[in-house]
Amino acid sequence: MYENVNRTGLRRKFALVFLDAGNGHRAQATVLKEVLSKYIPEEDIILLHGFGKGNRLLSFFVEKGYNFSVNYAKGSFPLLYDIGQHRFFTYIVAHLVDFFAYRYAKKMISTLGITDVVSFHFATTPVFAKAARKAGRPVSMTAITADPFTGPNAWFYDKRVDTIVYSEEMKQVALKNGVPENKIFIMPFLLNKKFRVQDFSLSRAQMKTKLGFDSRLPLLLIAGGGEGLPGAKEIVEECARINLNAEIGVICGRNKVQENYLRMFAKLHPKKHIHVFAFVTNMNEFLHAADVVVTKSGPSVMFETISCKCPLIISHYIHNQELGNMQFVVKNRLGFFIQKPKDIGVEIKKLLEDSKAMADIHSRCDNYVLDTHVEKIAEFLLAK
């Protein structure tokens, strides 16, 4: 345990500020809380929603609007993203958030006795940075860019804030946006403990047996985070059409429509080895058992798969925001980017039927070293 006081002698209390625009921001904040609690008492680390329960209108537009534009209104998110790359638009959004959320941010810092704010969303960083500067006492402010390689310029709107990025590529984006180099710090991605510290004592075959799969067959895993993988239905149908000689595991998360359809499809095709799951808490075991994973390029699921030494086929990425994630996988030859279900089926079948090709990509995944020392972030924050 560190002595839990800052440089002014105050007992440190961290607010880890997130929004529910996608799953990644809260997930990374939760990981940081777990890591920080190794050094300081857990009660001094607060997971804090950036707008609070009272700002329903703001939450609706920022959170629900994001989720709707990404998952349902095709074409709207790319438009919003590209408009948002212009500083004038970011300026307007920052001032709207400030109008609705500043009093809340100021109140939380004051009433909770916060000494350190860590923001995980670009919409909350400017307003909490302003509240921290006007708190009447020292309050440390740090932003963590949840997007590893590419992301909106809005992450770097307030150039006075210490900013943690996950890659040299994102550092260059920060520099282009005018952030001083001494304010930018490259750190490891905040990966869940289940994927940082893994038990590889069971082989892939043994893990398949543990999870109820046939260990004699290769396992294709289709997954996409908490809401399932967009297009999973079509991919499963294609794999069934081409008589893929493999076990097929599909994790649908909270997507009940997808889950119900695929369960019915599996019943209608009992010889296709299709296993359908809802939300699971042992994703690390599924990834450890899989021979190939079809997924989207969200940062968490991407790094989790890489940590389990499993090749990826990325079928979907969010316009520009997740472009760098996909490029990272392809550049390092850890997997493929294939969008059409028919082409995905062709690649999977080729891998499963060509033992050398499968061995080559598994070897590259086994040899890739991912920095999982997330304690560096906790130690950086505690040293401020």
Side-chain angles (χ1 to χ4, degrees), residues 1-2 4 6 10-56 58-60 62-64 66-67 97 100-129 131-132 135 139-147 155 161-164 166 187-196 225-227 254 279 281 283 298-300 303-304 374-382 384:
M1 283 280 185
Y2 274 47
N4 192 25
N6 63 14
L10 291 174
R11 182 181 178 87
R12 302 187 82 146
K13 201 155 194 178
F14 281 82
L16 310 184
V17 182
F18 66 91
L19 293 179
D20 288 317
N23 298 315
H25 309 283
R26 183 194 284 265
Q28 291 180 47
T30 302
V31 173
L32 182 57
K33 179 175 181 177
E34 171 258 316
V35 177
L36 275 171
S37 66
K38 295 179 182 178
Y39 299 86
I40 63 175
E42 188 173 353
E43 60 266 25
D44 292 329
I45 311 162
I46 301 168
L47 289 174
L48 186 65
H49 189 281
F51 297 154
K53 294 181 180 179
N55 284 310
R56 293 181 180 177
L58 199 57
S59 293
F60 175 81
V62 176
E63 296 177 327
K64 301 298 182 184
Y66 172 85
N67 292 328
V97 172
F100 284 102
Y102 174 70
R103 283 187 294 177
Y104 166 78
K106 184 179 179 181
K107 180 181 178 181
M108 291 299 98
I109 289 174
S110 175
T111 57
L112 297 175
I114 300 301
T115 61
D116 296 78
V117 177
V118 183
S119 172
F120 285 87
H121 197 283
F122 56 78
T124 60
T125 298
V127 66
F128 270 86
V139 177
S140 173
M141 182 73 202
T142 308
I144 296 182
T145 57
D147 300 308
W155 281 116
V161 174
D162 287 341
T163 303
I164 291 174
Y166 294 135
M187 299 280 176
F189 183 81
L190 281 163
L191 194 65
N192 189 289
K193 186 178 180 179
K194 288 183 179 180
F195 300 93
R196 301 196 312 272
E227 301 302 324
R254 292 178 286 267
F279 190 88
T281 57
M283 189 67 181
S300 292
F303 282 124
E304 287 167 2
V374 295
E375 293 81 6
K376 294 175 185 177
I377 297 180
E379 291 167 3
F380 167 80
L381 294 171
L382 290 166
K384 289 182 71 175

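- Put simply, the side chain of Phe14 reaches to within 4.5 Å of the side chain of Leu381, judged on heavy atoms.
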Given Leu19 and His25, is the side-chain contact (heavy atoms from CB on, under 4.5 Å) satisfied, shown in steps?
CA-CA 6 Å; Leu19 293 179; His25 309 283; 5.5 Å; no
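- Applying the side-chain hydrogen bond (donor to acceptor under 3.5 Å, both in side chains) test to residues at least two apart or on different chains, the pairs with a partner in residues 187-196 are Glu34-Arg196.
- Applying the side chain to side chain contact (heavy atoms under 4.5 Å, CB included) test to Thr30 and every residue at least two apart in sequence or in another chain returns Arg26, Leu47.
- Under the ring pair (Phe, Tyr, Trp, His ring centres under 6.0 Å) criterion, Phe18 pairs with His49, not counting sequence neighbours.
- Applying the salt bridge (charged side-chain N to carboxylate O under 4.0 Å, His left out) criterion to Arg103, with sequence neighbours excluded, gives no partner residue.
- Other residues, nucleotides and ligands place no more than 12 heavy atoms under 6.0 Å from the CZ atom of Arg56.
- Expressed to the nearest 0.5 Å, how far CG of Leu382 lies from CD1 of Ile377 amounts to 12.0 Å.
- With sequence neighbours excluded, the residues satisfying side chain to side chain donor-acceptor pair (under 3.5 Å) with Ser119 are Thr124, Thr125.
- By the 4.5 Å heavy-atom criterion applied to side chains, Leu58 and Val97 are counted as neighbours.
- Looking at every heavy atom in both residues, Val35 comes nearest to Ala378 through CG1-CB, 3.8 Å.
- By the ring pair (Phe, Tyr, Trp, His ring centres under 6.0 Å) test, Phe380 pairs with Phe185, sequence neighbours left out.
- Distance check, rounded to the nearest 0.5 Å: CE of Met187 to OG1 of Thr145 gives 11.5 Å.
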Stepwise side-chain contact (heavy atoms from CB on, under 4.5 Å) test for Leu16 and Ile45:
CA-CA 7 Å; Leu16 310 184; Ile45 311 162; 3.7 Å; yes
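- Contacts of Phe189 classified as ring pair (Phe, Tyr, Trp, His ring centres under 6.0 Å), with partners at least two apart in sequence or in another chain: Tyr166, Phe303.
- For the pair Ile144/Leu32, a side-chain contact is recorded, criterion being any heavy-atom separation below 4.5 Å from C-beta on.
- Shown here are the side chain to side chain contact (heavy atoms under 4.5 Å, CB included) partners of Ala129, two or more places apart in sequence or in another chain: Arg133, Met141, Asp158, Val161.
- Under the salt bridge (charged side-chain N to carboxylate O under 4.0 Å, His left out) criterion, the residue pairs touching residues 107-123 are Arg12-Asp116, with sequence neighbours excluded.
- Applying the ring pair (Phe, Tyr, Trp, His ring centres under 6.0 Å) rule to Phe122 yields the partners Trp155; only residues at least two apart in sequence or on another chain are considered.
- No side-chain donor from either of Tyr39 and Glu375 sits under 3.5 Å from a side-chain acceptor of the other.
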Candidate pair Ile46 and Leu112, rule side-chain contact (heavy atoms from CB on, under 4.5 Å), full reasoning:
CA-CA 9 Å; Ile46 301 168; Leu112 297 175; 4.1 Å; yes
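- For Tyr102, the side chain to side chain contact (heavy atoms under 4.5 Å, CB included) partners are Asp98, Lys106, Val127, Lys130, Ala131, Lys134, not counting sequence neighbours.
- Annotation: side chain of Glu304 is in contact with side chain of Leu191 (closest heavy-atom distance under 4.5 Å).
- Across all non-hydrogen atoms, the minimal contact from Gly113 to Lys13 is O-CB, 3.5 Å.
- Judged as a side chain to side chain contact (heavy atoms under 4.5 Å, CB included), and not counting sequence neighbours, the contacts of Tyr104 are Leu48, Asn55, Met108, Phe128.
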